[in-house]
Amino acid sequence: MKDSTVLEKSKNILIIIAVNLAIAFICLEALSLAFYFLNQKQFFYTRTKAKEQVVEDIERLGIRVDESLVERLHPFFGYVLKQGAFTNEKLKLKVNKHGFFSLYEYPFIKTHKNQVIIGVYGGSVANNFAVNEYVNRRLSNKLKTYPEFANKEIIVLNFGNGGYKQPQQLLILNYFLALGQELDLVINIDGFNEVALSNLNNKSQVEIGMPSVQHIQPLTGLANNNLSPEAMSSIVQINENKKQLKAGIDKLQTCQLALCHAVTSLQVKQLINNYQQAVVKYDTQVKQSNSDTANSSIVYIPKADSVFEDAAAFDKMASMWYQSSIGMNQILSSRKIKYFHFIQPNQYYPTKRAFTAKENEIAINKESPYIEGVKKGYPVLLSKVDDLQKAGVNIFSAVNILDNTKDTVYKDACCHYNSVGEEVFANYISSSIIKVVRESK
């Protein structure tokens with residue numbers, strides 16, 4: 001009798017525990033559903049394949065989870081992407097053997113006379129513009145609405161990479177022309193890197209005309225095999241973070257419960273924080289390694305005698321940018337190839353644009369290392385636009401083209417645009433090209 005009573009009590013306790021656990025689970029699941037709805041603006045159980053918010057955060061921060069080191073030193077261009085990186089089998093889009101995101105290997109030769117080959121040059125904004133052309137056909141479709149391009153097959157070739165700045169565009173153009181690359185029209189999208197990244201070069205006492213110190217310095221450290229044990233340890237940590245991030249992202253796609261999704265999202269966000277801390281630590285260690293072994297480096301990067309004062313530095317940047325664009329125009333004009341130069345919009349250059357709440361959250365970073373270069377450098381670049389036009393360059397300042405757009409157009413705290421911003425930019429570029437083409441007839 002006593003044993004049965006004890007068993008009954010134990011059974012009741014287990015039932016109470018089970019009920020409480022079930023209630024706790026239901027409450028946590030309900031909270032997770034609410035959390036998901038607030039972040040994704042849709043119900044978890046009926047969610048589409050829309051991109052996860054945490055994945056957008058990762059992309060906004062520029063974290064590549066599928067590669068440990070994607071850039072390679074290049075004897076002419078400074079650096080390029082690793083061949084085969086970021087392959088998209090569906091679109092047949094990959095990094096070609098020359099280190100550029102493209103559907104094609106270079107040089108691309110026309111297969112029939114009705115093709116129009118457009119080369120896009122510049123940094124990551126130019127690269128994104130060209131790659132989005134492959135995905136969304138923005139530029140081609142807009143150009144084809146005009147009679148001048150209505151019956152043409154438009155081939156867009158990407159010659160841009162993240163961090164490229166003049167004279168890299170000029171050098172890349174010359175190199176591929178020497179290889180026999182055919183071009184009917186060239187678009188150069190720049191301005192931001194020429195002042196924001198060149199300013200960082202100056203502060204690091206690296207020649208302003210050299211490739212971006214942010215990109216080239218870690219690569220030369222690895223090439224010299226002079227990284228400290230601490231820096232090598234940071235690389236291992238960064239790679240491990242990326243593996244864990246990739247696993248977390250994959251798990252997000254397969255979670256059947258909102259609670260699973262919420263817990264995994266929090267884990268991924270913590271991994272992002274760990275990654276950022278490891279990168280900051282690594283950058284510091286690389287700079288220390290490079291400064292300790294600068295004279296013994298097997299990769300020669302000219303050092304400036306001193307850090308230029310701002311006025312002299314930005315004049316030098318603008319002059320190099322001006323001469324590079326003049327050079328591109330002269331080379332292309334001699335071959336009867338149209339050249340179009342666009343100064344890209346950037347959130348740190350003051351215009352009349354009213355930022356959205358989301359932009360104020362994700363696109364404005366008061367600690368950004370690029371702010372000084374943009375605010376001090378853009379006015380100097382813009383002061384040379386009239387001179388470039390008088391020299392026969394088809395140059396357009398696009399710095400204000402986003403001012404009348406009420407939607408969010410920036411997607412990160414650097415310089416990149418979302419699909420809305422890309423659409424506005426494509427409209428501006430296509431209409432500017434058509435205007436020149438018609439005036440030249």
Side-chain angles (χ1 to χ4, degrees), residues 73 76-79 121-125 161-172 188-221 283-284 286-297 299-328 341 343-344 346-350 365-388 391 393 395 397 399 413-415:
L73 287 170
F76 294 132
F77 309 155
Y79 58 91
Y121 293 76
S124 57
V125 167
N161 263 328
Y164 278 6
K165 61 186 185 68
Q166 292 286 24
Q168 282 170 293
Q169 293 96 294
L170 174 62
L171 296 170
I172 292 164
N188 178 29
I189 301 171
D190 67 11
F192 173 80
N193 290 352
E194 280 67 21
V195 290
L197 300 185
S198 293
N199 186 49
L200 298 181
N201 277 29
N202 182 46
K203 301 298 184 186
S204 299
Q205 209 172 323
V206 171
E207 281 288 349
I208 288 171
M210 285 289 102
S212 161
V213 69
Q214 279 192 332
H215 295 76
I216 207 74
Q217 199 170 60
L219 291 172
T220 56
D283 285 343
T284 302
V286 166
K287 288 176 183 177
Q288 184 62 46
S289 295
N290 285 343
S291 63
D292 290 343
T293 58
N295 293 328
S296 62
S297 174
V299 180
Y300 177 64
I301 299 178
K303 300 283 286 185
D305 294 332
S306 62
V307 175
F308 288 99
E309 294 293 331
D310 283 347
F314 288 109
D315 278 345
K316 187 171 183 178
M317 294 172 207
S319 176
M320 190 174 300
W321 171 78
Y322 172 91
Q323 293 296 340
S324 297
S325 193
I326 290 285
M328 291 180 76
H341 185 177
I343 305 175
Q344 68 195 68
N346 185 262
Q347 61 264 49
Y348 298 119
Y349 177 69
N365 176 10
K366 293 180 180 179
E367 304 300 319
S368 171
Y370 309 130
I371 294 176
E372 181 185 41
V374 172
K375 286 189 173 180
K376 293 180 179 179
Y378 259 52
V380 186
L381 297 185
L382 293 171
S383 71
K384 293 188 175 294
V385 169
D386 284 346
D387 290 338
L388 282 169
V393 177
I395 183 169
S397 170
V399 296
C414 168
C415 47

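Note on residues 191-210: pairs passing ring-ring contact (aromatic ring centres under 6.0 Å, His included), not counting sequence neighbours, are Phe192-Tyr370. Applying the salt bridge (Lys or Arg N to Asp or Glu O under 4.0 Å) test to every pair with at least one member in residues 315-325, sequence neighbours left out, gives these pairs: Glu207-Lys316.
Residues satisfying the salt bridge (charged side-chain N to carboxylate O under 4.0 Å, His left out) criterion with Lys384, sequence neighbours excluded, are absent altogether. For Phe308, there are no ring-ring contact (aromatic ring centres under 6.0 Å, His included) partners two or more places apart in sequence or in a different chain. The salt bridge (charged side-chain N to carboxylate O under 4.0 Å, His left out) check on Asp387 picks up nothing, with sequence neighbours excluded. By the side-chain hydrogen bond (donor to acceptor under 3.5 Å, both in side chains) test, Asn199 is found to be paired with Glu372, residues two or more places apart in sequence or in another chain being considered. Partners of Asn201 according to the side-chain hydrogen bond (donor to acceptor under 3.5 Å, both in side chains) rule, which considers only residues two or more places apart in sequence or in another chain, do not exist here. Every residue meeting the side-chain contact (heavy atoms from CB on, under 4.5 Å) condition with Ser325, not counting sequence neighbours, appears here in chain and number order: Tyr339, His341, Leu388, Val393. Residues forming a side-chain contact (heavy atoms from CB on, under 4.5 Å) with Val385 (at least two apart in sequence, or on another chain): Ile343, Leu382, Gln389, Ile395. The side-chain contact (heavy atoms from CB on, under 4.5 Å) test applied to Asn365 returns Tyr348, Glu367, Ser368, Ala413, not counting sequence neighbours. Looking at residues two or more places apart in sequence or on another chain, you find no side-chain hydrogen bond (donor to acceptor under 3.5 Å, both in side chains) involving Ser324.
Heavy-atom minimum distance, Ile326 versus Ala391: CD1-CB, 3.4 Å.
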Task: Tyr164 vs Tyr79, ring-ring contact (aromatic ring centres under 6.0 Å, His included): CA-CA, chis, key distance, verdict - done: CA-CA 9 Å; Tyr164 278 6; Tyr79 58 91; 5.3 Å; yes

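Of the possible polar contacts, one joining the Gln168 side chain to the Phe77 backbone as a donor-acceptor pair under 3.5 Å is found.
From Met328, atom CE reaches atom CG of Leu171 across 10.0 Å, with rounding to the nearest 0.5 Å.
No side-chain donor-acceptor contact under 3.5 Å links Ser212 and Lys165.
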